[in-house]
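What you see is a predicted model; the values in this text were computed from it and never measured. Both counts, for ligands and for their atoms, begin at 1 and track the order of listing.
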Amino acid sequence: MMTDETLKKNLPIGVFDSGVGGFTVVRALRKYLPGENIIYLGDTARVPYGTKSPETVIRYSINNAKFLDSLGIKLLVVACNTASAHSITALRDNFNIPVVGVIEPGARAAVKNTISGNVGVIGTRGTIESHAYETHIREKSVSTVTTGGIPCPLFVPLAEEGWIEGEIPEKTAVHYMNELKKVIPEMDTLVLGCTHYPLLKKIISEAALKVFEREIKLIDSGVSASYVIEEILREKELFNDNSSGGTLDTYVTDTSRISEIGELFLGEPLSNVQRVDI
Ligand code: DGL
C-alpha cells in the first residue's frame, strides 16, 4: 500500500512554456532528476511570448498554471524566460505550490561563475526589456557584478528550423556578440536567457571566443533551474528517486509540427502528446 508520502512524491512536476522551447528545460530535468514525473504544457497556439506585452504574458501564464494545477502537480516550473521575467510574482501570489522560474537560478549561477565580475545576458526582447536578469544578478552579487544584455530575436527561428550550424547562424551569432561587446566589453560569463539558445550553444560559444578573444562561460538557465528544483523538492521531502524513471506527458494548444520540432529540443522521442483548449 502506498503511503501519503509516496503519493505526494509521485505527483508530477508541471512545466509550462510558450511553445516547444521549454523542452530544453525538460531535457535538463530528465537528465538531473530522472525519477520525476513531468507534465509539460506548450502554449503553441499563442507562441511567441517574447514579443508580447507583460500584461498579456502574465494573463497567459496564469492560464497555463491553472491548467497544470488542475491536474495535481507538486511544483510548477516556468520554463519560458519571458514568462519567468514577467509573471513569477503573479504566479507565486496565485498558486499554493512552489513556483520556480529560470531567471533566479540563471542569475545565481552567473554570479557564482564570473571571475571578472562582468556578466552578459541574451534573450527575447521581452526578457531583456524587463531587466529581470540584471535585477537578480545585481541583487545576488550585492551590486559587485556589472551586467548588461541585448535581445537576439533571430536565434528563435534559427533554432526552430534546426539551423544550428553553418554560415547564416554563425554570422548571426558574430553580429550579436559584436553588439553585446558594446554593452559589456569585459564579459567572461554569458547567460543564455531564452529556451531556444541551448541548441545554439556551439555557435554562440565560438562567436563569443572570436569577438571577445577569450573563453566565455555559457550559463544554461534550464540546467541551473534543475539544481534549484532538486534543492526545493529535497527540502520539502517531495523528491522522487524512482529508479525505473519518470514519465513525461505533453499537452500543447496547437499540434502543428510538434513532433518534429519538439524532439529536436527534447532530444528524445516524443510520445503522449495531447492537444488541449485552455
Ligand atoms: N520561450 C521563450 C523564452 O524563453 C522564447 C520563445 C518565445 O518568444 O515565446 O523567452
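- Think of Tyr60 as one node in a network of Ile, Leu, Val, Met, Phe, Trp and Tyr side chains linked at under 4.5 Å; its network also takes in Tyr49, Val57.
- Annotation for Arg125 and Pro153: closest pair NH2-CG, 3.6 Å, computed over non-hydrogen atoms.
- Applying the side-chain hydrogen bond (donor to acceptor under 3.5 Å, both in side chains) definition to pairs two or more places apart or across chains, those involving residues 142-168 are Glu160-His196, Glu167-Lys171.
- Listed by chain and number, the hydrophobic cluster partners of Ile62 are Phe16, Ile39, Leu41, Ile58, Phe67, Leu68, Leu71, Ile73, Leu76, Val78, Ile88, Leu91, Phe95, Ile97, Val99, Tyr251, Val276, Ile278, where partners are ILVMFWY side chains within reach of under 4.5 Å, directly or through others.
- Listed by chain and number, residues touching ligand 1 at under 4.0 Å (heavy atoms only) are Asp17, Ser18, Val47, Pro48, Tyr49, Gly50, Cys80, Asn81, Thr82, Thr124, Cys194, Thr195, His196.
- Side-chain polar atoms of Asn10 and Asn37 form no donor-acceptor pair below 3.5 angstrom.
- Note that the CD1 atom of Ile164 and the CD1 atom of Ile203 stand 8.5 Å from one another [nearest 0.5 Å].
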